[in-house]
Amino acid sequence: MKNKEIAELFERMADILQLKEENAFKINAYRKASRIIRDLSQNIEQLSQAGTLRDIPGVGEGIAKKIREYLETGRISKYEQIRQSLPEGLLEMMTIPGMGPKTVVLVHKALGISSVAQLEKGVKQGRLRDLPGMGPKKEENILRGIALLRQSAKRIPLGVAIPIVDEIVEQIKGRIKVGTILPAGSLRRMKETIGDIDILVAGGDGRRIIGVFTKMPQVQEILAAGATKGSVIVHGGIQVDLRVVPQASHGAALQYFTGSKAHNIHLREIAKAKGMKISEYGVFRGKRKIGGRKEEEIYAALSLDWIPPEMREDRGEIALAARGKLPRLVREKEIRGDLHVHSNWSDGSDTIEQVALAARERGYQYVAICDHSQSLKFAGGLSEKRILKQIEEIHQLNEKLSTITLLAGTEVDIKIDGTLDFPDEILEKLDVVVAAIHSGFKQPEEQITRRLLSALQNPHVDILAHPTGRLISSRPPYRVNLEKLFAKAAQTGTALEINAYYDRLDLNDIQCRRAAEMGVKLSIGTDAHHSDQLWMMRLGVAVARRGWLEKGNLLNTLSLQKLRRYLPNS
DNA sequence: GCCGTTTTCGGCCCGACTGTTTTCAGTCG
């Protein structure tokens, strides 16, 4: 998919135009188009061929023409042209926190500075001091910004942020009376990675609550501590902001701090068109406040249904809310079992029985034991003999256990040539066959796609695990043609996995939404290697919700009885 | 550059904070 490439080009064009002090609204138009194209679930090449580029919101004649040019020639001449007019380094200077386009242009024009290194030197030599609007504080801030940029504050995976927040919320609740306390920001939207953690408290004594917050044992550094806002760094270098607002504006503040920015801007545009105004303090008609205590009031004022936080990305949810057509997103309590869990028979750490008991504790009806197959030596893959023995043990355990059913499964490796690591005679004895790629990540797109399609073609394969192979913190996805994969999965009835392991989340939100649109069934599996990891189902459900999925899109919302009807072997 | 039951031209989200200002510009979320 060229979506990402094109989105990045438009983003870069916006940056350059900003340095050239072009019309701010034109710049905004490029940024908006960039964001929407990046979030698009459809392949932009197909839209272009179908002649429907102009149907994409934010894409008009000018941008559509540039997209077509890129698809045909691999470049955008306007981009090439404006890029030449500026030194490369200016764009990097803009990424320094606190440095905006005005300052970058100022130092470039006045002092000929055109890189971060030159800027640092210039500040230290005091060359910036006499420029208009400059002073000692600004100099200090620029140096601090450069240092910050070099540390490159990275985003943390959602699955790392959630336990941190849960812990903080528990501590505050345990020590002081608060009205309500909820995470906001990208964490409330359950985005796959989080920058800063935002927590919102409504009601209570602000100064005292923030006092408690800044004195928590995990706090390493206090950045700010006032009556309404506290800001700290906790272990791991993660910044956590806590805000205290009065109950009367809780809904408005929660809405505002939850975002996303694009979603909020869209809402404010609608409000403005209706003669209203939205801010973090409430909804206003003229000077009169017409809502803000509850989040629903903000949406209701605009004649919108309340939109679940996971959908607030301005990807079309506002239009659906206006028509009362929001999907009924799947909920965690609708999940009836986990279809991808490891035991100590391969590289997991718990016995099968321990896994079963932990799954029962979560209220599941079933859990599938899917250990690795024989080729995966480093992960303790099971030989044919061992897996037959494992199947036997699972059957015996099922005799013993009540109220939870173990499904005998495998995570069978899709080998380099596309064949499976167990013969059909083994696979047909299993309740659930999960297939996955663990090698040859660098193969060309055609080859990887062929491997995956041939796995889908095998009638014993029920689920394709982590379909893109990406690791959030360390590995890009392998090259796979997802459109072809989704079409084939829809045809064969093979489910695609939303792998809920915190560093995978694979398929991601946009991909699983597209798969569902194409008629593919999805299955959420935690890939847990320890019972303590079964909670990550929450992350998988979050991905599904961000992908607008309903209960009916998912395999493991089925009761055991219905699941068995769906899985031919079991 | 995009967009339209307030417009095909004239709009385009809202507020806080900072540091430099003497009434405001720049940056951020």
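Chain naming here is simple, since letters A, B, ... match the order of the sequence lines and numbering starts at 1 in each. All values derive from a computational prediction rather than experimental measurement.
- Between the side chain of A/Arg546 and the backbone N or O of A/Ile510 there is no donor-acceptor pair closer than 3.5 Å.
- Between B/dG29 and B/dT22, the distance separating the two P atoms is 28 Å to the nearest Å.
- As rounded to whole Å, 14 Å separates atom P of B/dC2 from atom CD1 of A/Ile27.
- Rounded to whole Å, the distance from CZ on A/Arg155 to P on B/dG29 is 11 Å.
- A distance of about 25 Å separates the C1' atoms of B/dC9 and B/dC14, rounded to the whole Å.
- Remark: the separation of the C1' atoms in B/dT8 and B/dG1 is 15 Å, to the nearest Å.
- Two residues are said to be in side-chain contact when any heavy atoms from C-beta on lie closer than 4.5 Å; A/Met99 and A/Leu119 meet this criterion.
- Residue contacts shown for A/Lys65 are absent, as no nucleic acid heavy atom lies under 4.0 Å away.
- Between B/dG11 and B/dT18, the distance separating the two P atoms is 34 Å to the nearest Å.
- Base pairing annotation: B/dC14 forms a Watson-Crick or G-U wobble pair with B/dG29, both donor-acceptor distances under 3.5 Å.
- Nearest nucleotide to the side chain of A/Ile63, out of B/dC14, B/dG26, B/dG1: B/dG1.
- Here A/Lys26 lies in heavy-atom contact (under 4.0 Å) with a base.
- Both A/Tyr281 and A/Gly62 lie near DNA chain B, and the one whose nearest nucleotide falls closer to the 5' end is A/Gly62.
- Distance A/Lys274 NZ to B/dT6 P: 9 Å, rounded to the nearest Å.
- Nucleotide B/dT7 is shown with a syn base, its glycosidic torsion being within 90° of 0.
- Atom CD1 of A/Ile67 is separated from atom CG of A/Leu47 by 9.0 Å, given to the nearest 0.5 angstrom.
- At a threshold of 4.0 angstrom between heavy atoms, the contacts of A/Lys32 with the nucleic acid are absent.
- No salt bridge links A/Glu140 with A/Lys137; every basic N to acidic carboxylate O contact stays at or beyond 4.0 Å.
- Backbone-only contact: A/Tyr30 has heavy atoms under 4.0 Å from sugar-phosphate atoms and none from a base.
- Closest to the side chain of A/Pro101, out of B/dC2, B/dG15, B/dT27, is B/dT27.
- Under 4.0 Å is where a charged nitrogen must lie from a carboxylate oxygen, and between A/Glu483 and A/Arg514 at least one such pair does.
- Straight-line distance from the CG atom of A/Leu19 to the P atom of B/dT27: 10 Å, rounded to whole Å.
- By the 4.0 Å N-to-carboxylate-O rule, A/Glu280 lies too far from A/Arg243 to be salt-bridged with it.
- When distances run from any side-chain atom of A/Lys261 to the nucleotides B/dG29, B/dT27, B/dC2, the shortest one goes to B/dG29.
- Summarising the geometry, atom NZ belonging to A/Lys121 is positioned 10.0 Å from atom CD1 belonging to A/Ile113; distances are rounded to the nearest 0.5 Å.
- Rounding to whole angstrom units, CD1 of residue A/Ile37 and P of B/dC2 are separated by 10 Å.
- Across B/dC17 and B/dC12, the matching C1' atoms stand 24 Å from one another, rounded to whole Å.
- Rounding to whole angstrom units, CD of residue A/Glu21 and P of B/dT27 are separated by 10 Å.
- As judged by a 4.0 angstrom heavy-atom cut-off over every strand, A/Ala24 is placed among residues making no nucleic acid contact.
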Any chance you could list the contact pattern along nucleotides 17-22 of chain B? Use B for base contacts, S for sugar-phosphate-only contacts and - for none, protein heavy atoms under 4.0 Å, 5' to 3'.
--SS--
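- What separates CD1 of A/Ile265 from C1' of B/dC14 is a distance of 9 Å, to the nearest Å.
- With the nearest nucleotide of DNA chain B identified for both A/Met99 and A/Val59, A/Val59 has the one nearer the 5' end.
- One N or O on the side chain of A/Glu317 and one on the backbone of A/Glu313 form a donor-acceptor pair closer than 3.5 Å.
- In this structure, NZ of A/Lys102 is placed 16 Å from P of B/dC24, rounded to the nearest angstrom.
- Nucleotides B/dG10 and B/dG15 are separated by 26 Å at their P atoms, to the nearest Å.
- In this structure, the nucleotide among B/dA16, B/dT27, B/dG1 sitting nearest to the side chain of A/Thr103 is B/dT27.
- At least one donor-acceptor pair closer than 3.5 Å links the side chain of A/Glu550 to the backbone N or O of A/Arg328.
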